[in-house]
Amino acid sequence: MGRTYFVEEAIGQYLSDLSTKFKPYVTGLLIGQCSSQRDYVIRAVRTPPKEEQKEGNTSPSKLESIDEEWITAHASQVSRMLPGGLLVLGVFIIATPELSKDSQNALRKIIFSIEKSLTKRRLWKPAEEEVSDRAALQVCSATKKIVCRTYDVQDPKSSAKPADWKYQSALSASWLSLDCTVNVNIHIPLLATSPNHDLEKNTKNGLHRWSKQIEDSVFLINGQVKDDDTELLEGQKKLRGNTQYSTQISDIKVLTQLSQGSSHRSTATVQVCSGSINLKGAVKCRAYVHNNKPKVKEAVQALKRDIINTLNDRCEILFEDLVINEGPHKKICICSFSNKLCVRF
């Protein structure tokens, strides 16, 4: 049995509008949330045209002209902007009947390209029960027929599986939002044995160690440590005169010094250092969780990943800004600044 995607009703109209404006084809991303029971699509985002397409008002006539690298870069930028709990869970293409035959092959390539790019940037590890299916939506611009299939991105040889595409109004209107603030003070030593200190590489190494602390941290929800499989809304009071629960949970504390992981000790080493990188500040995070009896582990996982992604993305933006200023061919080293670098958020 294939997966079922519950889709925000407004997306149907959005796709219909795109089908009349752009010929012979247009591509884009599907944004939403995966869960063990069902998947949700709450936004569709068209691939932005490249500069030369804007100026010349050109429209490629063959699917071979699809710029896989451009779509993948768009997915990376969109992924940076998403709050916790949301992800790029698929791609779509709206094409004329003549091009529809080859559309699935094009979508498959794009899906695996996007996953490869996002995995490369990722600091957290997917859970064992993680949903790894991604949607490939094909829409015929003439008949408006929709064909939805999925590919398992963990399996490079994965073949297409059929999936259901069901529209639903006000799909995310009563989703839960969770907010928390994490104080960051990461000290990254630079070894004296390294003559040149690559800023990005050293920072990434420090962030990897810090992300493991976040993944092992304890979350207090309304002052309590709750079991992973407990329903998130268990014990919550309903709003007066309403059958719905409050859609915001803001009393969340992150205890990074405690660990739920293995109890074995880590070994300490003494190393001579010639400098350091310090990342300091407060990171305010927000995550969204569906309202279909969400579990505590889903909420905690969404928040943890948003915390890690937020800091990682900010550092990446810093590196990109430095590359623009220093030049793409110049290696950015800590010696370009001083023996110490402090970045505040």
In terms of heavy-atom contacts, does CD of Q77 have more than 12 from other residues, nucleotides or ligands at under 6.0 Å?
yes
Taking E130 for the side chain and A127 for the main chain, is one N or O donor matched with an acceptor at less than 3.5 Å?
yes
Nearest-0.5 Å distance, SG of residue C315 to NZ of residue K204:
8.0 Å
To the nearest 0.5 Å, what is the distance between OG (S211) and NZ (K125)?
9.5 Å
If only atom types and distance count, is the side chain of S19 paired as donor or acceptor with the main-chain N or O of S16 below 3.5 Å?
yes
Ignoring hydrogens and angles, tell me if any N or O in the side chain of Q33 forms a donor-acceptor pair with the backbone of G85 under 3.5 Å.
yes
How close do V88 and L82 get, counting heavy atoms only, and between which atoms?
N-CD1, 4.1 Å
Is the W165 ring parallel, tilted or perpendicular to the Y5 ring (thresholds 30°, 60°)?
tilted
My understanding is that only residues two or more places apart in sequence, or in another chain, count here; which of them pass ring pair (Phe, Tyr, Trp, His ring centres under 6.0 Å) with W124?
none
E8 side chain to L171 main-chain N or O, any donor-acceptor pair under 3.5 Å?
yes
Taking only residues at least two apart or on different chains, which pairs with a member in residues 73-88 satisfy salt bridge (Lys or Arg N to Asp or Glu O under 4.0 Å)?
R80-E316, R80-E320
Taking the side chain from T72 and the backbone from E68, do they hold a donor-acceptor pair closer than 3.5 Å?
yes
Atom pair OG1/CG of T47 and D67 - distance to nearest 0.5 Å
9.5 Å
Report yes if the side chains of T4 and R38 come closer than 4.5 Å at any heavy-atom pair, otherwise no.
no
Can L123 be reached from F319 by stepping across I, L, V, M, F, W or Y side chains whose heavy atoms are under 4.5 Å apart?
yes
Just by modelled atom types, is the D227 backbone N or O under 3.5 Å from a matching donor or acceptor in the T230 side chain?
yes
Pi-cation contact, Y151 with R134 (under 6.0 Å, within 45°):
no
For E231 and K226, run salt bridge (charged side-chain N to carboxylate O under 4.0 Å, His left out): C-alpha distance rounded to whole Å, both residues' side-chain angles, the deciding distance at 0.1 Å, then the answer.
CA-CA 9 Å; E231 285 191 22; K226 297 190 175 184; over 6 Å; no
Nearest 0.5 angstrom please: N312 CG to R305 CZ, how far?
14.0 Å
Would a 4.5 Å heavy-atom cut-off, applied to side chains only, mark L207 and I186 as touching?
yes
Decide side-chain contact (heavy atoms from CB on, under 4.5 Å) for I31 and L87; before the verdict, give the C-alpha distance in whole Å, the side-chain angles of both, and the deciding distance to 0.1 Å.
CA-CA 6 Å; I31 312 298; L87 74 157; over 6 Å; no
Output the distance between atom CG (L178) and atom CG (L176), rounded to the nearest 0.5 Å.
6.5 Å
Is atom NZ of K144 surrounded by more than 12 heavy atoms (other residues, nucleotides or ligands) closer than 6.0 Å?
yes
Sub-4.5 Å side-chain heavy-atom contact between S103 and L63
yes
Can V147 be reached from V7 by stepping across I, L, V, M, F, W or Y side chains whose heavy atoms are under 4.5 Å apart?
no
Are S117 and S76 close enough that a side-chain donor and a side-chain acceptor fall under 3.5 Å?
yes
Just grab all the salt bridge (Lys or Arg N to Asp or Glu O under 4.0 Å) pairs involving residues 165-179, residues at least two apart or on different chains.
D179-R286
Is it true that a side-chain atom of T310 and a backbone atom of D306 form a donor plus acceptor pair closer than 3.5 Å?
yes
Salt-bridge criterion met for E298 and K293 (N-O under 4.0 Å)
no
Give a yes or no on whether a salt bridge exists between D152 and K161, defined as a side-chain N under 4.0 angstrom from a carboxylate O.
no
Given side-chain contact (heavy atoms from CB on, under 4.5 Å), test L137 with L30 step by step and report yes or no.
CA-CA 9 Å; L137 184 72; L30 300 172; 4.1 Å; yes
Taking all non-hydrogen atoms of both residues, which atom of S169 and which atom of E9 are closest, and how far apart?
CB-OE1, 3.4 Å
Can you find a heavy atom in the side chain of S35 that is under 4.5 Å from one in the side chain of V131?
no
A side-chain contact here means heavy atoms from C-beta on lying under 4.5 Å apart; do I188 and W210 qualify?
no
Is there a side-chain contact between I249 and L232 in this structure, where contact means two heavy atoms from C-beta onward sitting under 4.5 Å apart?
yes
So, for A135 and I111, which heavy atoms are closest and what is the spacing to 0.1 Å?
O-CD1, 3.4 Å
For S158, is there any backbone N or O sitting under 3.5 Å from a side-chain donor or acceptor partner on R108?
yes
Do side-chain atoms of S79 reach the backbone of A75 as a donor and acceptor pair under 3.5 angstrom?
no
For Q13 and D17, run side-chain contact (heavy atoms from CB on, under 4.5 Å): C-alpha distance rounded to whole Å, both residues' side-chain angles, the deciding distance at 0.1 Å, then the answer.
CA-CA 6 Å; Q13 185 59 50; D17 292 343; 2.9 Å; yes
Nearest heavy-atom neighbours spanning V289 and A299
CG2-CA, 3.8 Å
Atom CD1 of I252 and atom SG of C180: how far apart are they, to the nearest 0.5 Å?
6.0 Å
Verdict with reasoning, L190 to N202, per side-chain contact (heavy atoms from CB on, under 4.5 Å)
CA-CA 8 Å; L190 302 171; N202 279 283; 3.4 Å; yes
Taking atom NZ of K21 as the centre, report whether more than 12 heavy atoms of other residues, nucleotides or ligands fall under 6.0 Å from it.
no
Could you pull out all residues at least two apart from F92 that satisfy ring pair (Phe, Tyr, Trp, His ring centres under 6.0 Å)?
none
Sequence neighbours excluded, the answer for side-chain contact (heavy atoms from CB on, under 4.5 Å) partners of K297 is E129, D228, D229, K295
For a quick test of reading the model, state the closest non-hydrogen atom pair linking P49 to W70 and the distance between them.
O-CZ2, 3.9 Å
Go through the structure and list residues passing side chain to side chain donor-acceptor pair (under 3.5 Å) with N205, not counting sequence neighbours.
none
Taking every heavy atom of C34 against every heavy atom of D39, the minimum-distance pair comes out as CA-OD1, 3.3 Å
4.5 Å side-chain heavy-atom contact, T143 and P97
no
Side-chain contact test, heavy atoms from C-beta onward, threshold under 4.5 Å: evaluate it for Y167 versus F6 and give yes or no.
no
Strictly distance-based, threshold 3.5 Å: is any side-chain N or O of K23 a donor or acceptor partner for the main-chain N or O of T20?
no
